[in-house]
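Report on one structure; see the data block that follows.
Fair warning: this is a prediction, and the values are worked out from it, not measured in the lab.
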Amino acid sequence: RELAEQAVNAVDNPFPGNPLNDELEKMYIPDCFAEKFAELIVRECATWIDEQPGWDGPYSHELLKFFGVKPL
């Protein structure tokens, strides 16, 4: 749920002035939401990999590269 909320907050409102609130308007853009949500999931996995003891190597970088997510 936390990642979903982060994704909603990261998508720009394409319908300014619409009577619906900003968060609801963003949810009507499934492609933007899905892309950001997937990126956040991949980043969360890469962070988890980096925190594992004894997992030295480019594992998290390779995961980001595989999914086309640019390192921060």
In short, Cys45 meets Leu63 closest at the heavy-atom pair CB-CD2, 3.7 Å
Rounded to the nearest 0.5 Å, what's the gap from CD on Gln6 to CD on Glu39? Could you check? 10.5 Å
Decide whether Ile49 and Leu64 are clustered together by the hydrophobic rule: side chain heavy atoms of Ile, Leu, Val, Met, Phe, Trp, Tyr closer than 4.5 Å, transitively. yes
Please give me the minimum heavy-atom distance between Lys70 and Arg43, naming the atom from each residue. O-NH2, 2.6 Å
Shortest non-hydrogen separation from Ala46 to Ser60 and the atoms involved: O-CB, 3.4 Å
In Å and rounded to the nearest 0.5 Å, what is the CG to CD distance from Asp50 to Gln52? 9.5 Å
Find out if a path of hydrophobic residues (ILVMFWY) with successive side-chain heavy-atom gaps under 4.5 Å connects Trp48 to Tyr59. yes
What about Phe37 and Phe66, same hydrophobic cluster or not, with Ile/Leu/Val/Met/Phe/Trp/Tyr joined at side-chain heavy-atom distances under 4.5 Å? no
Value for CG (Leu40) from CD (Glu35), rounded to nearest 0.5 Å, stands at 11.0 Å
